[in-house]
Amino acid sequence: MEDLFYPCTLKTKQRQNKHFPFQTLKTQTNFTMTNHLFIIFSLLSICLPLFANELEIGYYSESCPQAEWIVRETMRKAMIREPRSIASVMRLQFHDCFVNGCDGSVLMDETPNMLGEKEALSNINSLRSFEVVDEIKEALERKCPGVVSCADIVIMASRDAVALSRGPYWDVKLGREDSLTASQEDSNEIMPSPRANTTLLINLFTEFNLTITDLVALSGSHSIGKGRCFSVMFRLYNQSGSGRPDPNMDSDYRNNLFKLCPKGGDENVTMKLDFTPVIFDNQYFKDLVAMKGFLNSDQTLFSDDKRTRKLVEKFSKDQDAFFKAFVEGMVKMGDFQSGKKGEIRKNCRVANNNNRFFDSSFLRNIR
């Protein structure tokens, strides 16, 4: 069985870990042997997941042999219709896996009794192409009803988005179940904003047992796709509350952004994230070295920390090294699990038994 990651850390102050549904314990001194044993068993009950899916390559080889082909073909058709769409699908893995594990929760629509993650601060008006996942799910349900999880679809589709964009291909471990609910609160507390600096990003990745190399390599997902003016306005007009542009930006590049994203203009206008937005390559890192990163959370990797700067420079010169590190990071991220029992959703937007969670007012109206 492959090692899976269930984030649970022993800290010196008792608190609820908002990133994951695990409780940490306060450390004390002068324990008796009985106390030691109690602590050990308490830690086991907390840190070990109540339920864990054993992920494996080729998981659907017997139950749905064409699953990976169906995902790849649907992604290929989506790319033909709109090249940007597959980059949008790839980002779903990041926004899904970092919030309580890779469980397809980011795909769920809001309900009267649940605030969905789609409306979280880092996701609203940003995450898109959910209809591509719907198309994949519909095709899989026609071929193998009730077999392939939405969480696994996100993992497979993310891999295919990279490969179809002339990036690396890798085998993915599958066998996840879908969550029964989503958490807008957890998404708000976990996912960084486009304004994030290197220190915040390093701290976030460390909490998930991801390295600085993982951080820089996975940031390279911005090798494909586009970003909105909304995400860069503060860099152009009020960086760090200065009322001035970010000094860590090439002047010609900044002037182009001024024209594209004027004050008072349409902040939904999009701009390519690097100079080859439909090709997955190391151009993203070359742009950071040239001070032409679109997002603050990207440019900060080169401008603000010597540890990340060294890796940006390395990947800008060695595409193979970037590809290798990116694949390793994606595999690690794909191993995140919440430890909660789930299901195989029939519709990725809603839990199978959602109709049993009705409002109490509905019951009062039954006569």
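Side chains included, hydrogens not; waters and symmetry mates left out as well; all remaining heavy atoms used.
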Indicate, with yes or no, if Leu127 and Phe294 share a hydrophobic cluster defined by side-chain heavy-atom contacts under 4.5 Å among Ile, Leu, Val, Met, Phe, Trp and Tyr. no

Distance-only side-chain donor-acceptor flag, Tyr169 / Arg72, under 3.5 Å: yes

Do the ring planes of Phe315 and Phe322 sit parallel (below 30°), tilted (30 to 60°) or perpendicular (above 60°)? tilted

Plane angle bin for Phe323 and Phe280 - parallel if under 30°, tilted between 30 and 60°, otherwise perpendicular: tilted

Residue pair Leu260 / Thr270: nearest heavy atoms and the distance that separates them: CD2-O, 4.0 Å

Identify the residue among Ile136, Asp152, Val133 that makes a side chain to side chain contact (heavy atoms under 4.5 Å, CB included) with Val71. Ile136

Ion pair present between Asp214 and Lys332, side-chain N to carboxylate O less than 4.0 angstrom? yes

So which atom in Tyr60 and which in Val148 form the shortest heavy-atom distance, rounded to 0.1 Å? OH-CA, 3.6 Å

Would you say Asp96's side chain and Ala151's backbone share a donor-acceptor pair under 3.5 angstrom? no

Salt-bridge present (Glu73, Arg76; N to O < 4.0 Å): yes

From the list Lys137, Lys143, Glu138, side chain to side chain contact (heavy atoms under 4.5 Å, CB included) with Glu141 holds only for Lys137

Measure the acute angle between the ring planes of Phe258 and Tyr237, then classify it against the limits of 30° and 60° as parallel, tilted or perpendicular. tilted

Please report the closest heavy-atom contact between Cys97 and Ile155, naming both atoms and the distance. SG-CD1, 4.1 Å

State plainly whether one hydrophobic cluster holds both Ile212 and Leu201, where clusters connect Ile, Leu, Val, Met, Phe, Trp and Tyr through side-chain heavy atoms under 4.5 angstrom apart. yes

Distance-only donor-acceptor check, side chains Thr300 and Asn296, under 3.5 Å: no

Asp178 side-chain N/O to Cys150 backbone N/O, donor-acceptor pair under 3.5 Å: yes

Transitively linked via ILVMFWY side-chain contacts under 4.5 Å: Val232 with Val269? yes

Could you tell me whether Asp109 and Arg349 make a salt bridge, using a distance below 4.0 angstrom between a side-chain N and a carboxylate O? yes

Locate the shortest heavy-atom distance separating Leu218 from Gly329; write the atom from each residue and the value. CD2-C, 3.7 Å

Should Arg159 and Glu68 be marked as a salt bridge (Lys or Arg N to Asp or Glu O under 4.0 Å) after you check the CA-CA gap, both sets of side-chain angles, and the distance that decides it? CA-CA 10 Å; Arg159 182 269 313 276; Glu68 295 197 46; 2.7 Å; yes

Taking atom types as modelled and ignoring hydrogens, do the side chains of Thr276 and Asp281 form a donor-acceptor contact shorter than 3.5 angstrom? yes

Does atom CZ (Phe234) have a neighbourhood of more than 12 heavy atoms from anything else shown, all under 6.0 Å? yes

So, His95 versus Asn123: side-chain donor-acceptor pair below 3.5 Å or not? yes

Got Val278 and Arg166 here, is their nearest side-chain heavy-atom distance under 4.5 Å? no

Check whether any side-chain heavy atom of Met191 sits under 4.5 Å from a side-chain heavy atom of Glu117, and report yes or no. no

Quiz question: by atom type and distance under 3.5 Å, do the side chains of Asn268 and Arg228 form a donor-acceptor pair? yes

Does a salt bridge link Glu328 with Lys324, judged by any charged N lying under 4.0 Å from a carboxylate O? yes

So which heavy atom on Met271 is nearest to which on Tyr253, and how close? CE-CE1, 3.8 Å

With sequence neighbours left out, what residues match Glu110 under side chain to side chain donor-acceptor pair (under 3.5 Å)? none

In terms of hydrophobic clustering (I, L, V, M, F, W, Y; side-chain heavy atoms under 4.5 Å; direct or indirect links), are Leu92 and Met108 co-clustered? no

Nearest heavy-atom pair of Val89 and Ser158: which atoms, and what distance? O-OG, 3.8 Å

Would Leu204 end up clustered with Met333 when hydrophobic side chains under 4.5 Å apart are linked, directly or stepwise? yes

Would Asp103 and Ser105 count as having a side-chain donor-acceptor pair, cut-off 3.5 Å? yes

Does the Lys NZ or Arg CZ of Lys118 fall within the cation-pi geometry relative to Phe130 - under 6.0 Å from the ring centre and within 45° of the axis? yes

Just checking, is any N or O donor in the side chain of Arg345 or Ser179 under 3.5 Å from an acceptor N or O on the other one? yes

Close side-chain approach of Pro245 to Arg235, heavy-atom, < 4.5 Å: no

